[in-house]
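Keep in mind that the numbers below use all heavy atoms, side chains included, and drop hydrogens, waters and symmetry copies. Keep in mind that this is a model prediction, so the values were computed, not measured.
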Amino acid sequence: MVLLCTIALVLQLSFNLLVFAEVHPHKDDFHKHEHFGANQQHDVRYDHEAFLGPDAEKFEKLTPEESKRRLKTIVTKLIDTNRDGLVSPDELSIWIEKQRKAFMYEDVDKRIAKEDTDGDGEITWLEYAKSEYGEWYDPERLPKDHSLRRQIRKKQYKFGMADADKNGKMNRDEYVDFEHPEENKRMEEIALDEVIEDVDENGDGVISVAEFLGQYHDATNPPSWVTRQREEFHKKFDLNKDGKMDREEARAWVLPERDDSHDETAHLMDGTDENADGFLSVDEILLHWNLFVGSLATDHGQTLKKVKPHEEL
């Protein structure tokens, strides 16, 4: 009976890891709202999250007057770093990039709070493994050919790579690298390995269009995004036109040049720069304050407006 329960638990752990290991190359998944939805409706809640990071929801509970007061403080004290009274595209882009990172650190801080059993603010491999795998944290207890054993070994190697100072622990910065290896040049090959292994179902080291599209490959009436991704596979990633993505071709998919912050900066500049001088004054930002922050008075039904995205989006 004990043996049967043990086998069942191992199988369940393996199943959970496989089912929930969705592949999202270089995607943060922190935004709760789509920037442009159906019919190109613009949802400013995406802009609020991009501009405020994890604090976006807090502003939804403030009066308009308090939201604008805090927005002015953020602009004058934190974004306008050269104190010239104007926000340049570079200053705004740097700020937005910090908020993108803030989402990552918020998530890592929650993980550390859960896993840090000795309270030193850092995570050892044992602390991570026990939290992630429970009683199966020691792969030696599993059969040598068991998939979970291999997955744990891979995680352990990734842990060692993220542990930059080699003290056997991950601090906040190292944990962010562990969770987002695509963010650090030193970890990029691991990020590439992880995605290829997840998608490459037949283990031949390359990604076919069927593997790229997954369950939608043979769909009779696939969603429009599937059609777009199929075209993207052939035109953008399969450079040698052999119908597959090899490792170097997959690199452009897994590790694209990140321009989210620049795109969002251009979007906010387009919607706020009244005199078209290429800079944002405090008055211009406060005039369009609800593009940057929300408040108790924000009517999100009215903020879903049909607008044309910035050309770089």
Side-chain angles (χ1 to χ4, degrees), residues 6-29 104-105 107-108 110-112 114-117 122-208 210-212 214 237 244-256:
T6 300
I7 294 173
L9 181 56
V10 173
L11 290 174
Q12 184 63 45
L13 281 168
S14 301
F15 175 77
N16 289 343
L17 285 168
L18 290 172
V19 168
F20 295 107
E22 297 183 14
V23 179
H24 296 296
H26 207 100
K27 184 177 179 181
D28 295 335
D29 287 327
M104 298 180 192
Y105 280 96
D107 178 60
V108 159
K110 290 177 182 178
R111 291 174 180 272
I112 291 176
K114 174 186 174 184
E115 299 166 4
D116 183 21
T117 55
E122 298 183 321
I123 302 301
T124 64
W125 166 251
L126 193 59
E127 287 174 325
Y128 172 82
K130 284 186 174 181
S131 175
E132 188 75 6
Y133 304 109
E135 64 178 291
W136 304 107
Y137 68 90
D138 182 3
E140 296 302 324
R141 299 176 62 188
L142 294 165
K144 288 185 178 181
D145 61 346
H146 199 284
S147 60
L148 181 58
R149 178 188 177 114
R150 293 192 295 274
Q151 290 178 45
I152 294 175
R153 287 299 188 202
K154 289 175 184 176
K155 285 284 187 178
Q156 194 166 14
Y157 173 75
K158 184 180 177 184
F159 182 98
M161 289 294 293
D163 178 19
D165 58 11
K166 305 305 177 186
N167 69 344
K169 302 177 181 181
M170 291 192 299
N171 57 33
R172 292 176 77 231
D173 295 331
E174 292 168 337
Y175 210 147
V176 167
D177 289 341
F178 180 79
E179 288 295 309
H180 301 275
E182 71 281 355
E183 295 290 327
N184 189 317
K185 286 287 184 183
R186 181 171 50 82
M187 302 283 289
E188 282 185 352
E189 295 306 313
I190 290 179
L192 191 57
D193 287 339
E194 287 183 337
V195 174
I196 291 175
E197 288 174 10
D198 282 341
V199 181
D200 179 21
E201 295 181 356
N202 63 7
D204 63 354
V206 295
I207 299 172
S208 66
E211 291 169 333
F212 183 74
F237 301 126
K244 302 174 182 178
M245 266 199 290
D246 60 30
R247 185 179 181 84
E248 288 309 306
E249 289 172 329
R251 188 180 298 276
W253 174 49
V254 178
L255 305 168

For this session: Check the pair Trp253, Val199 against side-chain contact (heavy atoms from CB on, under 4.5 Å), reporting the backbone distance first and the verdict last.
Result: CA-CA 12 Å; Trp253 174 49; Val199 181; 3.9 Å; yes
Problem set entry | side chain to side chain contact (heavy atoms under 4.5 Å, CB included) involving Asp173 - partner list, sequence neighbours excluded | Tyr105, Asn171
Exercise. For the residue pair Phe159 and Ile123, what are the closest heavy atoms and their distance?
Worked result: CZ-O, 3.3 Å
Problem set entry | Gap separating the CE atom of Met170 from the CG atom of Asp165, nearest 0.5 angstrom | 11.5 Å
Exercise. Where do Glu174 and Ala164 come nearest, in terms of heavy atoms and distance?
Worked result: OE2-N, 3.0 Å
Exercise. Heavy atoms, side chains only, cut-off 4.5 Å: are Ile196 and Arg247 in contact?
Worked result: yes
Exercise. Nearest 0.5 Å, what's the CE-CD distance between Met161 and Glu189?
Worked result: 9.0 Å
For this session: For Gln151 and Tyr133, work out which heavy atoms get closest and say how close.
Result: O-OH, 4.3 Å
Problem set entry | Shortest non-hydrogen contact between Ala250 and Met245, atoms and distance | CA-SD, 3.8 Å
Problem set entry | Residues Glu182 and Arg251 bridged, charged N to O under 4.0 Å | no
Problem set entry | Lys166 NZ: over 12 foreign heavy atoms closer than 6.0 Å | yes
Exercise. Is a donor on one side and an acceptor on the other found under 3.5 Å between the side chain of Lys158 and the backbone of Ala191?
Worked result: no
Exercise. CG of Asp200 to NZ of Lys244: how many Å apart, nearest 0.5 Å?
Worked result: 10.0 Å
Exercise. Which heavy atom in Asp116 sits nearest to a heavy atom in Glu122, and how many Å separate them?
Worked result: OD1-O, 3.3 Å
Seminar exercise, completed: Correct closest heavy-atom pair for Val108 and Arg172 would be CG1-O, 4.0 Å
For this session: Check whether any side-chain heavy atom of Arg153 sits under 4.5 Å from a side-chain heavy atom of Arg150, and report yes or no.
Result: no
Seminar exercise, completed: With sequence neighbours left out, the residues meeting side chain to side chain contact (heavy atoms under 4.5 Å, CB included) with Asp177 are Asn184, Arg186, Met187
Exercise. Checking Glu249 side chain against Ile207 main chain: does a donor-acceptor pair fall under 3.5 Å?
Worked result: no
Problem set entry | For Tyr128, all residues meeting ring-ring contact (aromatic ring centres under 6.0 Å, His included), sequence neighbours excluded | Trp125, Phe178
Exercise. Atom CD in Glu194, atom NZ in Lys154: separation rounded to 0.5 Å?
Worked result: 9.0 Å
Problem set entry | Rounded distance [0.5 Å steps], NZ in Lys130 versus CG in Asp138 | 10.0 Å
For this session: Return yes if some donor-acceptor pair links the side-chain N/O of Glu211 with the main-chain N/O of Asn202 below 3.5 Å, else return no.
Result: yes
